[in-house]
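Since the structure is predicted, the reported quantities are computational estimates derived from the model, not experimental observations. Chain A is the first sequence line, chain B the second, and so forth, proteins listed ahead of strands; every chain is numbered from 1.
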There are 2 protein chains.
Amino acid sequence: MHSIAVHSEEVFQALADETRLRIVRLMVVEAHERACLCELVDSLLEPSYKLSRHLAILRRAGLLASHKEGRWVYHRLVTKPAYLKQLYATVKALPDPRKIYRADLKRFHDRMRLREDGRCQVGIQSDAFRSETG
Amino acid sequence: MHSIAVHSEEVFQALADETRLRIVRLMVVEAHERACLCELVDSLLEPSYKLSRHLAILRRAGLLASHKEGRWVYHRLVTKPAYLKQLYATVKALPDPRKIYRADLKRFHDRMRLREDGRCQVGIQSDAFRSETG
DNA sequence: TGCATAGTTGCACTATAGTGCAACTGTTAA
DNA sequence: TTAACAGTTGCACTATAGTGCAACTATGCA
């Protein structure tokens, strides 16, 4: 379901984009919780087509594994080979001067409360999350 | 002499290029040894104008500090803020399937033996290093 | 003083990355 | 069986990154 990057720089390339870094930071802080696209859309407040493309890039770089479950596709951070854990530790250690990740994480928590039996049950709720958190 | 990246992804962007990753890997393996441009030219076997540009990018990203000494400019990895050390640990942990860093490092060692009193004394010797190591 | 050389940079060129729109696939539930 | 919706993707567009050449600056030494 995922491939190992042949060139090491691809791993850094994968994180060299604000949107992708937001995705990874969200998932790394949450102890490698899985998330589906609509949950990410509501957390980052970005259009689904945009996040879908960035998720594909992360997947191709070997950082993300995805699997379909009904009409939802769940994404999870890959932790092998071992240097990926080291990479996530770096991501975790990054500063957050503009409080972007803090805000993303708050929305993510709120959104995850809508789950039932650990599964996503609702679709995109962006409008609600947008008005709720400014 | 160096600035802190405002956006976290700039740090990863800095390493998202093979040449820059080769530079950083060389310097990180050598316990943060300093190196001048001509020593890097002989180690990586890349033209000086190319490396000079990549060094400038690393400097702007806050990973490298440079200072002039006579006609040589010495470069050294920056280790603050703390998450940079974490980043270097990741770089150190990367695999080297194509043995590129291994070869770079060998030439770097050979080249560093030409120093006197810890200073570079000779200019670009690429031809010698090229023929020596294939 | 003038030449050799360590290092930098302007310019032109090419390749690739990120974006938005809109059309598309696939799955669930009425 | 069909409507709604989670998710993906082709297309056109724009911006930016990396490269090579050649000209440039700055320093040390004959």
Side-chain angles (χ1 to χ4, degrees), chain A residues 1 7 9-23 34-61 64-75 111 114-116 119-127, chain B residues 1 7 9-10 12-23 34-61 64-75 111 114-116 119-128:
Chain A
M1 199 76 183
H7 302 288
E9 67 270 18
E10 288 175 18
V11 172
F12 296 111
Q13 181 63 56
L15 297 179
D17 173 274
E18 182 175 12
T19 305
R20 291 196 294 272
L21 195 53
R22 285 171 74 193
I23 294 171
R34 65 182 195 163
C36 64
L37 180 63
C38 58
E39 290 170 334
L40 292 172
V41 167
D42 286 348
S43 302
L44 305 189
L45 300 178
E46 296 283 351
S48 62
Y49 62 79
K50 184 176 170 178
L51 294 186
S52 179
R53 281 221 173 82
H54 284 299
L55 289 169
I57 292 170
L58 288 170
R59 207 180 311 128
R60 262 176 265 136
L64 215 65
S66 312
H67 83 275
K68 196 163 183 170
E69 213 170 282
R71 51 175 154 176
W72 283 277
V73 177
Y74 289 96
H75 307 275
R111 176 60 219 250
L114 300 184
R115 282 198 178 185
E116 289 169 36
R119 290 197 202 83
C120 179
Q121 300 291 340
V122 298
I124 295 170
Q125 310 285 323
S126 286
D127 291 339
Chain B
M1 199 75 184
H7 302 288
E9 66 271 18
E10 289 175 18
F12 295 110
Q13 181 63 55
L15 297 178
D17 173 275
E18 182 175 11
T19 306
R20 291 196 294 272
L21 195 52
R22 285 171 73 194
I23 294 171
R34 65 182 195 162
C36 64
L37 180 63
C38 57
E39 290 170 333
L40 292 172
V41 167
D42 287 348
S43 302
L44 305 189
L45 300 177
E46 295 284 352
S48 62
Y49 63 80
K50 184 176 171 180
L51 294 186
S52 180
R53 280 223 174 79
H54 284 299
L55 289 169
I57 291 170
L58 288 170
R59 207 181 310 128
R60 260 177 267 136
L64 216 63
S66 313
H67 83 275
K68 196 164 186 173
E69 212 170 285
R71 50 176 153 176
W72 283 277
V73 178
Y74 289 96
H75 307 275
R111 176 57 219 252
L114 300 183
R115 282 199 177 184
E116 290 170 35
R119 288 196 203 84
C120 178
Q121 299 290 340
V122 298
I124 296 170
Q125 311 284 323
S126 287
D127 291 341

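Remark: C1' of D:dG28 and CD of B:Gln121 are 12 Å apart, rounded to the nearest angstrom. Separating the CD atom of B:Glu18 from the P atom of D:dA17 is a distance of 19 Å, rounded to the nearest angstrom. Between the CG atom of A:Leu51 and the C1' atom of C:dC21 there is a distance of 16 Å, given to the nearest Å. Here C:dG7 presents its C1' atom at 14 Å from CG of B:Leu64, a figure rounded to the nearest Å. For the pair B:Leu55 CG and C:dA6 P, the computed distance is 15 Å after rounding to whole Å. Distance CD1 (A:Ile124) to C1' (D:dA4): 13 Å, rounded to an integer number of Å. Taking atom CG of residue A:Leu37 and atom P of nucleotide D:dT9, one finds them 12 Å apart after rounding to whole Å. Rounded to an integer number of Å, the gap from A:Leu44 CG to C:dT19 P is 12 Å.
Phosphate contact (OP1/OP2 of D:dA17, side-chain N/O of B:His54, threshold under 4.0 Å): absent.
Among C:dT27, C:dT8, C:dG18, the nucleotide with an atom closest to any side-chain atom of A:Asp17 is C:dG18. Closest contact between the side chain of A:Lys68 and the listed nucleotides C:dT27, D:dT8, C:dG7 involves C:dT27. Set against D:dC21, C:dG20, D:dG18, the side chain of B:Arg20 has D:dG18 as its closest nucleotide.
Nearest-nucleotide positions on DNA chain C for A:Glu69 and A:Ile57 put A:Ile57 closer to the 5' end. With DNA chain C read from its 5' end, the first of the two nearest nucleotides for A:Lys50 and B:Arg71 is the one closest to B:Arg71. Along DNA chain D, the nucleotide closest to A:Gly123 and the one closest to A:Tyr49 are compared, and the more 5′ of them pairs with A:Gly123.
Taking the side chain as every heavy atom from C-beta outward, A:Gln125 and A:Cys38 never approach each other to under 4.5 Å. Within the 4.5 Å cutoff, side-chain heavy atoms of A:Arg59 are placed close to those of A:His75. By the 4.5 Å heavy-atom criterion applied to side chains, A:Arg53 and A:Arg20 are not counted as neighbours.
Counting non-hydrogen atoms under 4.0 angstrom, B:Cys120 reaches nothing in the nucleic acid.
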Item checked: Working for side chain to side chain contact (heavy atoms under 4.5 Å, CB included), residues B:His54 and B:Glu46 -> CA-CA 11 Å; B:His54 284 299; B:Glu46 295 284 352; over 6 Å; no

Next item on the list: Apply the test side chain to side chain contact (heavy atoms under 4.5 Å, CB included) to residues A:Gln13 and A:His7: give CA-CA distance (whole Å), side-chain angles for both, the deciding distance (0.1 Å), then the verdict.
Entry: CA-CA 10 Å; A:Gln13 181 63 56; A:His7 302 288; over 6 Å; no

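Under 3.5 Å, the side chain of A:Arg53 and the base of C:dG20 form at least one donor-acceptor pair of N or O atoms.
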